[in-house]
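Predicted model, so just to flag it, every value in this text is computed and none were measured. Every chain is numbered from 1, with letters handed out A, B, ... down the list of sequences.
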Amino acid sequence: MSGLDRLQIGQRARVRQISGTDGVAVRLMEMGVTPGAELQLVGKAPWGDPLEFEVRGYRLSLRRSEAARVEIEPIG
Amino acid sequence: MSESKGGAAWSVVLIGNPNTGKSTLFTALCGVRQRVGNYPGVTVEKKVGRFELNGHAVELIDLPGTYSLAPRSPDEAIAVDVLLGHREGVQPPDAVLCIVDASNLERNLYLVSQLLELGKPVVVALNMMDVAQSRGVNVDVQRLAERLGVPVVPLVAHKRQGVAELQEVLRKALAEAPKGDSSPARRHAPFPEIFYNELEELAKAWEENGNPRPPRFLLERLVLDPGGILEKTWPGAAGSKVRAAVEQARARLAEAGHPVPAVEAVSRYEWIGRVLEDVVERPAERTVSWSDRLDRLLTHRLVGTLIFVALMIVVFQAIFSWAGWPAERIEDGVGWVGEQVATRLPEGPFASLLVDGVIAGVGAVLVFLPQIVILFLFIGILEDCGYMARAAFLMDRLMAAVGLNGKAFIPLLSSFACAVPGIMATRVIENRRDRLTTILVAPLMSCSARLPVYVLLTAALIPPTPIFGQWLNAQGLAIAAMYFLGIVTAMIAAWCFRRWLFPGETPPLVMELPPYKWPSLRVVAVRVTERAGAFVKRAGTIILAVTILVWAAASYPRPAGSIQRIEHRYEPLIAAAERAGETARATSLQQQRDAEIDAAVLRGSLLGRAGQWIEPVVRPLGWDWRIGCAVVASFPAREVVIGAMGVIYGLGDEQNEQSEPLKETLRHVTWEGTNRPVFTIPVALSLMVFFALCAQCAATLAVIRRETNSWRWPVFAFTYMTLAAYMAAFFTYHGVRWWLG
């Protein structure tokens, strides 16, 4: 069990839960990062932050600090 | 058709996620004729267009692109207000037109799911059918419409495919819809049973308080948004009974395993999963599209950054120098018109008002157009092809260091050419606090109008002492230091604003990176004309008014006595020269006389008196009253200070930064009544520092007013920048004096 920010490029994971109930948490869930959703890390920006994910068939960019709020479990 | 042509227009709201082709559809329906304004009290743009459905007028209200209807800020609450018909001055909508991206239905249906709860007729426009097909995504439109319970029309908006069908479906929906807000909420129920039971309880608590039952959607939002805008601003929610009932409802939901706010997203995405089952068919093997491959390249750490830097150099070069040629032609043209008018009208106050006030003012507005058009051409293309989000992605880490957002990079970079298009470009930043911070620091970037001021003062007063051999001398260093000073001050200011002016959590980045596509010329062209038109109409009037006011302040009251004395003094000299046949000498005497009159007029005018009056204030900066006067006179635009100094020092108003007589004069001006020179190195630097940081630019302030929809922010920007400029100039003057001994 670890945060979404720990994913390696190309790795997939399933969301377990999102910590907090603030604006960032709600925004993440509205964008489809809900418990049970599958994500894949597809790339990183030049300084390793922000990160680019694929979720629900589209590309989403999150800062490391935001990704760390998402608790994940490996798939398979 | 039964609808009469004179009947009240149908009102339709257009809404959708960002990057779904909403503007394209808006233009396809309404053409380019639209009214653009602001909703009072917020920075949200109000865009309204009109079209006809079988002779019945339709007013189409375009809402800003959004992923969700949950209002977290006053700006976001606008969409809900407009949709529910609670916004003053906006007709309650008869129908909602929601545009969704067919290739990305899952996330797009989240907004649809919220819209279905409003109790208004909804029509779904399923756009980007071509993109979906090219990716092997098949959508069963018929079945989707059945599951949603509303009409769904497939569309390729940029090719205008499906627009006629959409209009027909919309017309039907409007004709069949009951007028007003009376239609009951559709039985669209994505939430678990217990949630609706709680809503019912809450509605009862409401009625017991003696209030009418509020719209279901608002009750829902009240429960779902802890700390949201409704809790704070909805009068109905203020009662302690309602407040307690909301808290209890949330507690019971959490107990049942449906905690707020997670319950909303989880329930809606589950509902979406059920809706899309057997509706969307995707290829079994995920294909790597050309967009994916391009993305790997453009967001690559090294290659992507290099491409980004190259692109930015082109953009910057374009607004900094390509815009120069058309801008000069505009200036020439305006100058020519002024001359034509001046020669045809008798000399006097009216001609002066027309030429130096009105025509010069129109010129001051038009001269910005090349930069605006070129910048928005680039921004339009970058945005429409999907690169804009990548630029923000690449630059986010850098900008986050000073508390800004990656999207602030292009506006700030553009501001080095000119803050006016730069500030207009901050529209890409959705978060209000991020956007305001960017708007407020953008004018600190040294724009092209400051360069002449730097060039004149360094060339005239700073010796070209070599510092690093022949690579850098003191003049170059001084100019570079001004750019650096602007950037550092902007960083400090941004940090301070985030800390004290707009406190609160850092707004999330959480940004969609849309797939790449070929930019549509039509979309780009519409955006450019929209921006240019808005600038001329909304900011242009303010700039024009300021130019006329400053002209009046610099021309009146006229010191008739001094003018007469100068004329009397020159009259015999000129007459003598003419009698002796020395035409050249006579002309030069006439020019000298006119320059002296100009100087006397400025000195005696309101503006000149203000300059003398503020002398005690500018003295600590090492300035005499004449510099103070030139600085005050340069309020419309910084570069005006050069012409103003030319006038004050009796050289006439045609001086520019290359002018040798002006440089010569500056070196030899002395404090009145002494032979102590005014312009020393500390004074030159203090003046340059002042101009690096001050807000002497009416156009920038006018654009801030237009973009923030309030006078508060231009006033604030002017105040803080002038204070910063004053303090920095003060320390520069005394610091440099001490350092030079």
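Of all heavy-atom pairs between Leu60(A) and Glu512(B), the closest is CD1-N, 4.3 Å. Counting all heavy atoms, side chain and backbone alike, Asn104(B) lies closest to Tyr58(A) at ND2-CB, 3.4 Å. Between Arg63(A) and Asn405(B) the shortest heavy-atom distance is NH2-CA, 4.1 Å.
With contacts defined as side-chain heavy-atom distances shorter than 4.5 Å, the pair Val510(B)/Leu28(A) qualifies. Side-chain contact check for Leu398(B) versus Trp47(A): some heavy-atom pair is nearer than 4.5 Å.
Only the side chain of Arg107(B) comes within contact range of chain A, judged by heavy atoms closer than 4.5 Å. Using a 4.5 Å cut-off between heavy atoms, Val137(B) makes no contact with chain A at all. Using a 4.5 Å cut-off between heavy atoms, Ser61(A) contacts chain B through both its backbone and its side chain. Of the two parts of Val42(A), the backbone and the side chain both hold a non-hydrogen atom closer than 4.5 Å to a non-hydrogen atom of chain B. Contact of Glu52(A) with chain B is made through backbone and side chain together, with heavy-atom distances under 4.5 Å. For chain A, no part of Ala389(B) is nearby; none of its heavy atoms comes within less than 4.5 Å. With a threshold of 4.5 angstrom between heavy atoms, Thr299(B) approaches chain A through its backbone and through its side chain. Looking at Pro514(B), there are no atoms closer than 4.5 Å to chain A (heavy atoms on both sides), in backbone or side chain. Contacts between Glu66(A) and chain B at a heavy-atom distance below 4.5 Å involve the side chain alone, from C-beta outward.
Remark: Arg56(A) qualifies as a cation-pi partner of Tyr269(B) under the 6.0 Å distance and 45° angle criteria applied to the six-membered ring.
For the set Pro508(B), Ala70(B), Ala400(B), Pro515(B), the entry with the most heavy-atom pairs within less than 4.5 Å of chain A is Pro508(B).
In this structure, Phe393(B) CZ and Leu51(A) CG are separated by 7.0 Å, a value rounded to the nearest 0.5 Å. Within the model, atoms CE of Met31(A) and OH of Tyr110(B) stand 11.0 Å from one another, a figure rounded to the nearest 0.5 Å. The CZ atom of Arg59(A) sits 5.5 Å away from atom CG of Asp295(B), with the distance rounded to the nearest 0.5 Å. Here OG1 of Thr21(A) is found 9.5 Å from CZ of Arg250(B). Values are rounded to the nearest 0.5 Å. Interatomic distance, Met29(A) CE to Arg268(B) CZ, rounded to the nearest 0.5 Å: 12.5 Å. Separation of atoms CZ (Arg64(A)) and CG (Leu509(B)) is listed at 13.5 Å; rounding is to 0.5 Å.
The only member of Ser68(B), Pro261(B), Pro226(B) that meets side-chain contact (heavy atoms from CB on, under 4.5 Å) when paired with Val26(A) is Pro261(B).
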